[in-house]
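These notes are about the structure you will find just below.
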Amino acid sequence: MTWMVPSTQTRTKARRVTMSDAGIATIDRTLEPGMGVFNKKLGMWVFLLSEVMFFTSLIGSYIILRYAHPDHFAPPGAILNVNLTAANTFLLICSSVSMVKAFAAIQQGDVKGLQYWLLATIVMGASFVGVQVYEYIGLGQEGFLPGLDDYAAHAGGPLYGATFYAMTGFHGAHVSLGVLALIFVYIRALRGEYTVADHEGVEVIGLYWHFVDLVWIILFTIVYLI
Amino acid sequence: MNLSWLMPESVSTFGPALDNLYYVILWITGIVFVVTEVVLVYFIIKYRHKEGRKATYIEGSSKAEWIWTSATAVIVMALAIYSKGIWDTIRHPDMFPENAYELNVTAKQYEWNAAYAGSDGQLGTSDDIVSRNQVHVPVDQPVIVNLQSEDVIHSFFLPQLRVKHDAVPGRVWPIWFEATQTGEFPLACAELCGLGHYRMGGTLIVHSKEDFDIWLSEMQIEAEDDE
Amino acid sequence: MSSAISMGDSHSEDHHHLGFIRTYIFSTDHKMIAKQFLVTSLLFLAIGGILAAMIRWQLGFPGQPLPFNLGAILPNTMAPGGIILPEFYNSLVTMHATFMVFFALMPLMAGVFGNLLIPLQIGADDMAFPRLNMLSFWITPVAGAVMLASFFVEGGAAGAGWTSYAPLSTSGEWTGVYMGQILWLVSLIILGFSSITGALNYVTTVIAMRAPGMTWFRIPLATWSLFITAWLLLLAIPILTGGLILLLFDQTIGTAFFRPEGSGEPLMWQHIFWFFGHPEVYILILPAMGFVSEVIANRSRKPVFGYHSMVVALVAIAFLGWIVWGHHMFQSGMNPFLGMSFMATTVVIAVPSAIKTFNWLGTLWKGDIHFDTPLLHAVSFVALFVVGGLSGIFLASAPVDIYLHDTYFIVAHLHYVLVGGSLFGIFAGITFWYPKIFGRMMNETLGKIHWTVSFITYNLAFFPMHNLGVQGMMRRIYDPNQYEFLQSLQSTNTFISKSVFVFAGIQIIFAINFLWSMKKGKKSGDNPWDSNGLEWTCPSPPPHGNFAEVPIVYRGPYEYSHPDREQDFWPQDEAPVDDLDGPEYTDPNESTESNDE
């Protein structure tokens with residue numbers, strides 16, 4: 001039978017071909033080409049690699065500065081409230097779990113479950129940012145600030161505040177953006193736009209959310225615990 | 001117009017070795033350059049389009065690929081090994097000469113300040129002798145310069161001694177050289193350091209050993225008179 | 001799968017119903033975005049060229065007022081009485097490099113050709129994410145406007161060099177430039193988003209949207225090089241963005257990441273910058289290598305010599321590019337052992353570069369070479385890249401670099417790679433694919449005049465810079481005559497400047513040809529170069545959605561002058577004679593296990 005291309009829509013679905021270099025083609029209409037994942041998911045993976053490099057530059061700078069000037073960095077718990085942030089970390093990990101739950105729900109076609117778990121994720125994510133803001137305000141009042149001129153005589157030196165705010169701040173910004181994106185997804189979920197067959201948006205935002213969570217676990221370890 | 005590929009006269013002990021390395025690379029790259037460009041021009045003339053000509057279908061040759069890959073690799077690795085010897089002589093911390101005369105050079109926008117040990121024989125004490133935009137050194141004796149900067153990054157460039165190293169604020173970098181001729185030689189800043197970068201020049205003054213001692217003691221007397 | 005459907009939706013909208021704004025301004029069509037990038041980045045190229053001409057005026061005729069009464073239009077903070085001030089000179093040097101690297105070459109390579117060629121050469125109807133693609137373009141003029149604005153703020157534009165070495169760049173205290181430096185940082189941070197969104201799109205598109213039969217080793221080298229470049233952009237730009245943000249904090253909120261007075265590390269900036277900066281160098285040259293491979297194969301009517309090793313060399317260069325950054329810092333204050341390891345990795349890069357050069361020569365060998373403008377530019381690329389590559393060996397050797405570092409030898413080297421290499425590669429690309437973009441040929445006579453004068457004056461301008469460097473002339477100095485030992489070089493400098501002015505002036509011919517041919521050029525037809533690539537199978541210019549039906553790929557892109565064929569080319573999508581009915585169709589329900597790629 002001759003292979004014909006009826007319309008744009010089927011065409012994009014029909015791209016995957018398994019073919020040897022000899023040129024014998026069998027066209028597999030079930031998958032898109034490439035890594036066997038849909039474009040948005042592949043795109044998110046690629047984007048996250050880029051994000052890894054961004055955090056590498058921040059964390060790498062932190063490691064270099066800390067290695068060169070250990071005297072600038074106060075011992076764990078001297079300035080930062082480890083217990084509060086440990087609780088906050090737990091909250092963020094829980095939000096990753098609820099994100100998994102949300103995805104699992106829609107895979108079963110459970111729209112209500114999707115809405116419920118998405119909302120839980122949003123609440124926990126927003127609370128994480130709230131706790132971080134609360135932490136910043138307290139630290140600021142104690143004179144723990146990033147700038148050299150504002151540097152009060154707290155334990156450690158000015159590099160401590162600068163690296164602390166740069167790393168946790170950019171992570172916080174990522175969480176905030178994630179919460180906004182989750183709200184967008186949540187609104188779509190309320191409108192019933194996700195189904196068993198079509199819930200790419202949930203999967204893609206989930207990837208981002210787990211990434212942000214993972215970065216935080218690294219940051220919590222190196223900034224607060226070590 | 002000066003279109004010379006020859007290095008200016010060198011007046012330091014490691015200068016000739018560095019220049020030789022430069023000339024070896026100049027010869028190798030020069031030959032490769034001429035051969036490649038001649039082949040390129042020959043090909044485009046010889047194989048230019050003519051009516052009825054059809055190009056020969058050649059997809060490649062793994063033999064040829066192997067030959068030029070390994071030839072290039074051997075040449076550049078040999079150059080790297082050759083370079084390493086000279087680099088170690090100039091920069092390796094264990095190769096820094098003994099009994100060197102030591103001085104500090106501190107850069108700031110847009111001047112060079114050289115400091116020499118005063119009558120106590122110690123650098124970094126209050127009786128240090130300072131000369132601005134002039135670096136005085138004895139001939140035929142190794143000199144260690146502790147490079148520092150007060151503000152931004154500058155680069156301590158003595159073209160005829162084949163010396164160049166950045167002066168980085170917050171750090172002290174020792175470098176060494178040994179002048180082989182007396183005389184005055186240019187000192188320049190080679191790293192963009194602000195609007196006066198272009199005029200951050202100075203002079204390296206190489207004295208004979210006796211003259212250097214005389215100059216130092218004169219400076220000491222001058223400094224004591226000022227107090 | 002459903003994403004595919006929604007993507008399909010965006011194309012099922014009829015092109016003619018989109019209206020002016022959606023068609024020409026906020027377009028999601030990759031070809032229109034390529035054109036937008038082409039026009040804006042050529043404008044930025046012109047701006048960078050004007051800045052270069054002013055630099056050369058000062059070096060060629062130091063202390064003399066600018067010609068044509070240009071001084072009258074420049075404020076007294078830049079050039080009172082037409083005489084360029086040292087601080088303005090530093091801004092010129094900085095902004096010339098910034099515009100050329102970030103706003104001209106990068107968008108010309110990735111922005112224009114990435115957008116134009118990737119979907120067309122792999123047989124896709126558009127990019128994977130058309131709207132993200134539109135965003136990627138529109139960020140560029142915004143960043144460019146911020147960068148241009150910095151000329152008009154108090155203190156003038158950034159003057160710490162395009163490398164912005166800390167601590168010079170951390171505070172206006174050192175340069176007198178406050179706002180200009182901040183705008184420089186902000187502009188590049190914004191521009192980073194353009195590169196990342198673009199690169200994200202290219203990578204996803206190449207992986208996921210290839211036409212049936214377009215296996216990895218049937219992808220044309222232009223797309224291969226753009227794909228590798230996209231990876232470099234994707235991984236290198238965030239490093240720069242991170243560094244720029246930290247530097248911005250030092251500038252604005254008084255942190256001390258790079259400021260020694262707060263125990264910050266100025267050398268850390270150099271490590272961050274060059275860890276980004278060396279992959280960046282390959283971002284600026286790899287696509288040109290791809291274009292040149294295409295043009296040389298096509299115009300010599302021969303397969304690319306060693307196609308596989310060309311791909312391997314591209315990948316090798318991209319990998320090695322990550323571990324050589326220290327060679328920019330041999331004289332910055334570096335552990336000498338570390339210096340040696342960077343020297344070793346650096347010389348190894350000569351190997352894949354040599355492979356590519358010899359393969360281009362091999363492609364010309366026994367060919368049937370047509371001297372069209374694209375070929376002349378492509379061959380010039382090879383000739384000039386050889387010079388840039390060989391001069392790199394001097395600089396890779398750490399001891400020789402002691403003397404040559406920060407001299408005009410570096411300036412000569414980088415301009416041989418970025419102008420002789422990249423820019424001539426871009427000219428090859430533009431003249432070759434112009435008919436595909438606009439449906440008309442560029443004028444061949446004007447093209448040859450432009451090439452001849454450009455090639456000659458380019459070499460007259462940049463080759464003597466090697467000699468200046470060997471004589472010890474430092475780069476970025478406002479007036480070399482300040483130094484007695486450089487005064488004898490003034491006549492060389494004047495000669496270089498005159499050559500640069502002719503080189504810059506002749507580009508007007510290119511601009512005229514570019515604009516005139518758009519309306520008056522000879523109609524090109526679909527495939528004016530008798531080429532094999534999929535991009536030549538669709539109409540010129542290609543319609544929305546590109547291909548009337550999905551092309552099926554049967555062979556590699558360089559089957560020229562195949563002995564079994566009368567015709568000297570063999571399009572990638574031409575069905576084999578024994579298979580005129582097309583490949584066999586397999587019912588999706590039967591082939592559940594065939595996802596074995």
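Convention: sequence-line order gives letters A, B, ...; per-chain numbering from 1.
Of the two parts of B/L187, only the backbone, made up of N, CA, C and O, holds a non-hydrogen atom closer than 4.5 Å to a non-hydrogen atom of chain C. Using a 4.5 Å cut-off between heavy atoms, C/S309 touches chain B through its side chain atoms alone. Residue B/W173 touches chain C through its side chain alone, counting heavy-atom pairs closer than 4.5 Å. Residue C/F258: no heavy atom, backbone or side chain, is found under 4.5 Å from chain B. For C/A166, the part lying near chain B is the backbone, with the side chain staying farther off; criterion is any non-hydrogen pair under 4.5 Å. Using a 4.5 Å cut-off between heavy atoms, B/L6 touches chain C through its backbone atoms (N, CA, C, O) alone. Of the atoms belonging to C/F371, it is side-chain heavy atoms, and not backbone ones, that fall under 4.5 Å from chain B. Both the backbone and the side chain of C/N359 come within less than 4.5 Å of a heavy atom of chain B. With a 4.5 angstrom heavy-atom cutoff, C/Y483 touches chain B only via side-chain atoms. Only the backbone of B/K50 comes within less than 4.5 Å of a heavy atom in chain C; its side chain stays farther off. Of the atoms belonging to C/E265, it is side-chain heavy atoms, and not backbone ones, that fall under 4.5 Å from chain B. Neither the backbone nor the side chain of B/S62 has a heavy atom closer than 4.5 Å to any heavy atom of chain C. Using a 4.5 Å cut-off between heavy atoms, C/N90 contacts chain B through its side chain alone, with no backbone atom that close. Only the side chain of C/Q482 comes within contact range of chain B, judged by heavy atoms closer than 4.5 Å. For B/I90, the part sitting under 4.5 Å from any heavy atom of chain C is the side chain, from C-beta outward, and nothing else. Proximity to chain C is absent for every atom of B/F156, based on heavy atoms less than 4.5 angstrom apart. Contacts of B/F157 with chain C are made by side-chain atoms alone, with heavy-atom separations under 4.5 Å and no backbone atom involved. Proximity to chain B is limited to the backbone of C/V304, based on heavy atoms less than 4.5 angstrom apart. Residue contact with chain C, scored on non-hydrogen atoms closer than 4.5 Å, involves the backbone of B/V163 exclusively. Of the atoms belonging to C/R475, it is backbone heavy atoms, and not side-chain ones, that fall under 4.5 Å from chain B. Within the 4.5 angstrom heavy-atom criterion, only backbone atoms of C/A160 (N, CA, C, O) approach chain B. Within the 4.5 angstrom heavy-atom criterion, only side-chain atoms of C/F337, from C-beta onward, approach chain B. Both the backbone and the side chain of C/F358 have a heavy atom closer than 4.5 Å to some heavy atom of chain B.
Contact annotation: the side chain of C/M343 approaches that of B/S83 to within less than 4.5 Å [non-hydrogen atoms, C-beta and beyond]. Side-chain contact check for B/T56 versus C/K302: every heavy-atom pair is 4.5 Å or farther apart. Under the 4.5 Å side-chain criterion, counting only non-hydrogen atoms from C-beta, C/M329 is not in contact with B/D166. Contact check for C/F463 versus B/L3: no side-chain heavy atoms found under the 4.5 Å cut-off. Within the 4.5 Å cutoff, no side-chain heavy atoms of B/L40 are placed close to those of C/W360. At a threshold of 4.5 Å between non-hydrogen side-chain atoms, the residues C/L404 and B/K164 do not count as touching. For the pair B/L192/C/Y165, no side-chain contact is recorded, criterion being any heavy-atom separation below 4.5 Å from C-beta on.
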Going through the distances and angles, do B/Y22 and C/Y403 end up as a ring pair (Phe, Tyr, Trp, His ring centres under 6.0 Å)? CA-CA 10 Å; B/Y22 165 83; C/Y403 181 72; 7.7 Å; no
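Of all the heavy atoms in B/V76 and C/V347, the pair that sits closest is CG2-O, 3.5 Å. When all heavy atoms of B/Y57 and C/S561 are compared, the closest pair comes out as CB-O, 3.3 Å. Here the closest non-hydrogen pair linking C/I393 and B/I25 is CG2-CG2, 3.9 Å. Closest of all the heavy-atom pairs between C/I369 and B/I44 is CD1-CA, 3.7 Å. Among all heavy-atom pairs drawn from B/E191 and C/R476, the shortest one is OE2-NH1, 4.2 Å. When all heavy atoms of C/F305 and B/S61 are compared, the closest pair comes out as CZ-N, 3.6 Å.
Using bins of under 30°, 30° to 60° and over 60° for the plane-to-plane angle, the ring pair B/Y198/C/Y478 lands in the perpendicular bin. Relative orientation of the C/F409 and B/W5 rings is perpendicular, given thresholds of 30° and 60° on the angle between their planes.
In this structure C/F569 satisfies the ring pair (Phe, Tyr, Trp, His ring centres under 6.0 Å) test with no other residue, sequence neighbours excluded. Here C/A158 pairs with C/T94, C/Q181, C/W184 under the side chain to side chain contact (heavy atoms under 4.5 Å, CB included) rule; sequence neighbours left out.
Of all the listed residues (C/K366, C/M474, C/E484), the one sharing the greatest number of non-hydrogen pairs under 4.5 Å with chain B is C/K366. Interface remark: of the candidates C/E87, C/E173, C/H370, C/H370 forms the most heavy-atom pairs closer than 4.5 Å to chain B. For the set C/R301, C/E261, C/H405, the entry with the most heavy-atom pairs within less than 4.5 Å of chain B is C/H405. Of the listed residues B/R162, B/E37, B/R199, B/H92, the one with more heavy-atom pairs under 4.5 angstrom with chain C than any other is B/E37. Among B/M200, B/M77, B/K46, the residue with the largest count of heavy-atom pairs under 4.5 Å with chain C is B/M200. Across B/T72, B/L161, B/T29, B/L158, the residue that shares the most heavy-atom pairs under 4.5 angstrom with chain C is B/T29. The residue among B/A17, B/A167, B/A188 with the most heavy atom pairs within less than 4.5 Å of chain C is B/A188. Each of C/Y560, C/F485, C/F394 has some count of heavy-atom pairs under 4.5 Å with chain B, and the biggest count is that of C/F394. Contact count versus chain B (heavy atoms, under 4.5 Å) is highest, among C/T346, C/D406, C/T357, for C/D406.
Rounded to the nearest 0.5 Å, atoms CG (C/L168) and NE2 (B/H154) are 8.5 Å apart. From C/L364, atom CG reaches atom CZ of B/R48 across 14.0 Å, with rounding to the nearest 0.5 Å. Of the inter-residue distances, the one linking C/S397 atom OG with B/L21 atom CG reads 4.0 Å to the nearest 0.5 angstrom. Atom CD in C/Q490 sits 12.5 Å away from atom CG in B/N2 (nearest 0.5 Å). Rounding to the nearest 0.5 Å gives a distance of 8.5 Å between CG of C/D368 and CD of B/E51. Rounding to the nearest 0.5 Å places CH2 of C/W174 at 11.5 Å from SG of B/C193.
With no hydrogens or angles considered, no side-chain donor-acceptor pair links B/E59 and C/Y558 at under 3.5 Å.
Evaluated for a side chain to side chain contact (heavy atoms under 4.5 Å, CB included) with B/M1, the options C/N467, C/T492, C/L489 yield exactly one hit, C/T492.
Other residues, nucleotides and ligands contribute more than 12 heavy atoms inside 6.0 Å of the CD atom of B/Q141.
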